[in-house]
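These notes concern the structure reproduced below.
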Amino acid sequence: MDKKQVIKHLEAIATYLELKGENAFKISAYRKAAQALERDDRSLNEIDDVGSINGIGKGTKAIIEEFIETGETETLNSLVEEVPKGLIPLLKIQGLGGKKLSRLYQELGVIDEATLRKACENGEVESMSGFGKKSVEKILKALDDASLRPDRLPVSYVIPIKEVIESHLRMMREIEDFSIAGSLRRLKETVKDLDFIVATDHPESVADQIVQLPMVTEVVSKGSTKVTVMVEGEWNISVDFRLIEPDHFVTTLHHFTGSKEHNVEMRRLAKEKGYKISEYGIEESESGQIHTFTTEEELFNFLDLPYLPPEIRETGEEVSIESLPELVDLQHIRSDLHMHTTWSDGAQSIDEMAEKAIQKGYEYMAITDHSKFLRVANGLNEKRLLEQNKKIKEWNEKHSELTILSGIEMDILPDGQLDFDEDVLKQLDFVIASIHSSFNQSEEKIMERLMTALESPYVDMIAHPTGRLIGKRDGYPVNLELFIDRAAETNTIIELNANPNRLDLSWNWLQVAQEKGAKVAINTDAHNFKMLDDMKVGVQAARKGLIKRETVVNTWSMNDLVRFLKQKKGD
DNA sequence: GCCGTTTTCGGCCCGACTGTTTTCAGTCG
């Protein structure tokens, strides 16, 4: 029995209560209890008395204890008997909440997708009070779309959509300021929809322009302060625009950046101090005076909080942080240590990549093409690698504004061997080891492969440690505790691969890595120069894990990095 | 269902929009 199971059980109770149309506060009490348990650092065994946790009272405590003891609870069992299981997925349909669904069940006998569809089609739903023609249309459409789309979309899918929308908003003259908000601004790995906050004195006109945008395929709703549209692509995604007066921009942005838990904590804190927060400002409860702000920094400072960047506004715990260490920021980045060129499967030459790195203000960078094992990527053999090495030396002699480190992204072979011998690796400035093959091996075998790389004094960094592609594949099985421990002990750098498909290692494990003293590099793994821009996404992901500037080796000077790498080799 | 030196009852974060109503409940973020 572990904590996750208990959390799931409490959440299941909440969902069933919702379907019963129970009191909303009762439902949220169960959800709060689940969250409280999740947020507690301790494992289930380490918690003496769950009742002592804030948010868990007598009732929930009894349920938790019953569940731990017997693996089930009377509460959920009777709920399951009362409420048909098939109703649960129907809660996801826009516009159907617990109350309405509960009525559909009780009055029409709707118990699952099929019966709901039938009740819509034969006119029963439309004839119910509170429902009408439009409700039926919406439900039917949702039922048709439901199977087409995953619940949440990978961040790599939505970033380009966000950027196109931004380019249109930038051209609208009546918009004073705008920003992405919501979970994309917090850089969740997957998101449900997009939220934009738009400051304007002409909301009607701007709303008219927004619904005319070329990517908009459907207008879901259009009011004086909010417009919701659908954007079709491989998957459909809904996009909200909040149109607000410029004075309210910052408080609205904060509000809709969330997370929900963050907002709840902020409001609680504000209330303690005698204020009331809404998207329109912070109101003094006594006098009714409303404060607005020009930056989010001001807003946080007003409540005596340090500036909390969007990425860390997740669990609500961040609100009680007393002081925040200096987190890594895009401006701190001095290099990119993982990229490819036309020598293997990249699209640009060494010169072109270097040119771009100079434009970004980097002081140094590493060229790390694939090694010979990766034939599909035109991996370099020893001869070509040393040729490239020579070319890079020549480049460095001609240029003073940037130094290129000669590197390689060397495969860790399926049998655990490294693709190059030590006498070759010795001649390089920066050696990356990574796995691109045999993902389906056992965890034991995968760990053997990773350990070989970690133990080699010539391997400086492990790239994309789990091999995952967000929303597409899970990656190979890694014992991350073990991996991180050994990386920290051997001073092997752990990569945060900034490619939005990867974000590997993930922020939550990076946080563990930092605690254990491991060093991190944020790299783009660029295969063309546009991809060098992914650095900003990588930095966001790192901040989400509260990664400090000093933990990230590519914020260091080149001399500091070279010294660190030498030490590792025992020189 | 949880919580509390403004408390053991009556709040619980707050506001907008839709679709259905004739003033608002339900849903959503």
Length of the CZ-C1' vector between A/Arg103 and B/dT27, whole Å
14 Å

For B/dT8, which nucleotide is its Watson-Crick or G-U wobble mate, given both distances must be under 3.5 Å?
none

Say you pick atom P in B/dA16 and the same atom in B/dG11; how far apart are they, in whole Å?
22 Å

Taking A/Arg242 first and then A/Asp240, would you say they form a salt bridge - that is, a charged N and a carboxylate O separated by under 4.0 Å?
yes

Thinking salt bridges, do A/Arg267 and A/Glu272 make one under a 4.0 Å N-O criterion?
no

Choose from B/dG29, B/dT27, B/dC13 the nucleotide whose nearest atom is closest to any side-chain atom of A/Asp240.
B/dG29

In whole angstrom, give the distance that lies between atom CD of A/Glu261 and atom C1' of B/dC14.
15 Å

Rounded to the nearest Å, what distance is computed from the CZ atom of residue A/Phe25 to the C1' atom of nucleotide B/dG10?
10 Å

What nucleotide among B/dG15, B/dG1, B/dG29 has an atom nearest to a side-chain atom of A/Lys276?
B/dG15

Using a 4.0 Å heavy-atom cut-off, does A/Tyr30 contact any base of the nucleic acid, only the sugar-phosphate backbone, or nothing at all?
sugar-phosphate

Output the rounded distance in Å from CG (A/Leu10) to C1' (B/dC2).
14 Å

When all nucleic acid strands are considered with a 4.0 Å heavy-atom cut-off, which category describes A/Ile27: base, sugar-phosphate, or nothing?
nothing

Tell me whether A/Lys226 forms a cation-pi arrangement with A/Phe241, defined as NZ or CZ under 6.0 Å from the six-membered ring centre and within 45 degrees of its axis.
no

Distance in angstrom units between A/Phe131 CZ and B/dT21 P, rounded:
11 Å

Give the nucleotide from the list B/dC13, B/dG29, B/dC17 with an atom nearest to the side chain of A/Ser221.
B/dC17

Please determine whether a side-chain nitrogen of the Lys or Arg among A/Arg313 and A/Glu296 lies less than 4.0 Å from a carboxylate oxygen of the Asp or Glu.
yes

To the nearest Å, how far apart are A/Asn263 CG and B/dC12 C1'?
16 Å

Over all strands shown, is A/Ser224 touching base, sugar-phosphate only, or nothing at heavy-atom distances under 4.0 angstrom?
sugar-phosphate

From the candidates B/dG29, B/dC12, B/dT27, the one with an atom nearest any side-chain atom of A/Lys100 is B/dT27

Quick test of your reading of the model: are A/Lys222 and A/Asp208 salt-bridged, counting only N-O distances below 4.0 Å?
yes

Whole-Å distance between B/dT6 C1' and A/Lys271 NZ?
12 Å

Select one nucleotide: of B/dG1, B/dG29, B/dG19, the one nearest the side-chain heavy atoms of A/Lys192.
B/dG29

Tell me whether the OP1 or OP2 atom of B/dC17 has a side-chain N or O from A/Thr228 closer than 4.0 Å.
no

If you find the nucleotide of DNA chain B closest to A/Lys133 and the one closest to A/Leu91, which residue's nucleotide is nearer the 5' end?
A/Lys133

If I pick the C1' atom on B/dT8 and the same atom on B/dC2, what distance separates them, to the nearest angstrom?
12 Å

Rounded to the Å, how far apart are A/Leu37 CG and B/dC2 C1'?
15 Å

Checking all strands, does A/Ile93 fall into the base, sugar-phosphate, or nothing category for heavy-atom contacts under 4.0 angstrom?
sugar-phosphate

Expressed in whole Å, how much space separates the C1' atoms belonging to B/dG19 and B/dC9?
36 Å

Is the phosphate of B/dG26 approached by A/Lys99 (side-chain N or O, under 4.0 Å from OP1 or OP2)?
yes

If the C1' atom of B/dC13 is compared with that of B/dC28, how far apart are they to the nearest Å?
14 Å

With a cut-off of less than 4.0 Å, is there a side-chain N or O of A/Thr225 near OP1 or OP2 of B/dC17?
yes

Please check the phosphate of B/dG19 (OP1 and OP2 only) for any side-chain N or O of A/Lys138 closer than 4.0 Å.
yes

So does A/Tyr280 get a side-chain nitrogen or oxygen closer than 4.0 Å to the phosphate oxygens (OP1/OP2) of B/dC13?
no

Between A/Lys226 and A/Val136, just flag the one whose closest nucleotide in DNA chain B comes earlier from the 5' side.
A/Lys226

Which is true for A/Lys260 with a 4.0 Å heavy-atom rule: it touches a base, it touches only sugar-phosphate, or it touches nothing?
base

Measuring only the C1' atom in each nucleotide, how far is B/dG10 from B/dT27? A whole number of Å is fine.
24 Å

B/dT21 and B/dC14, which share atom name C1', separated by this distance in whole Å
24 Å

So does A/Glu11 pair up with A/Lys8, basic N to acidic O under 4.0 Å?
no

Heavy-atom side-chain proximity of A/Leu108 to A/Met128 below 4.5 angstrom:
yes

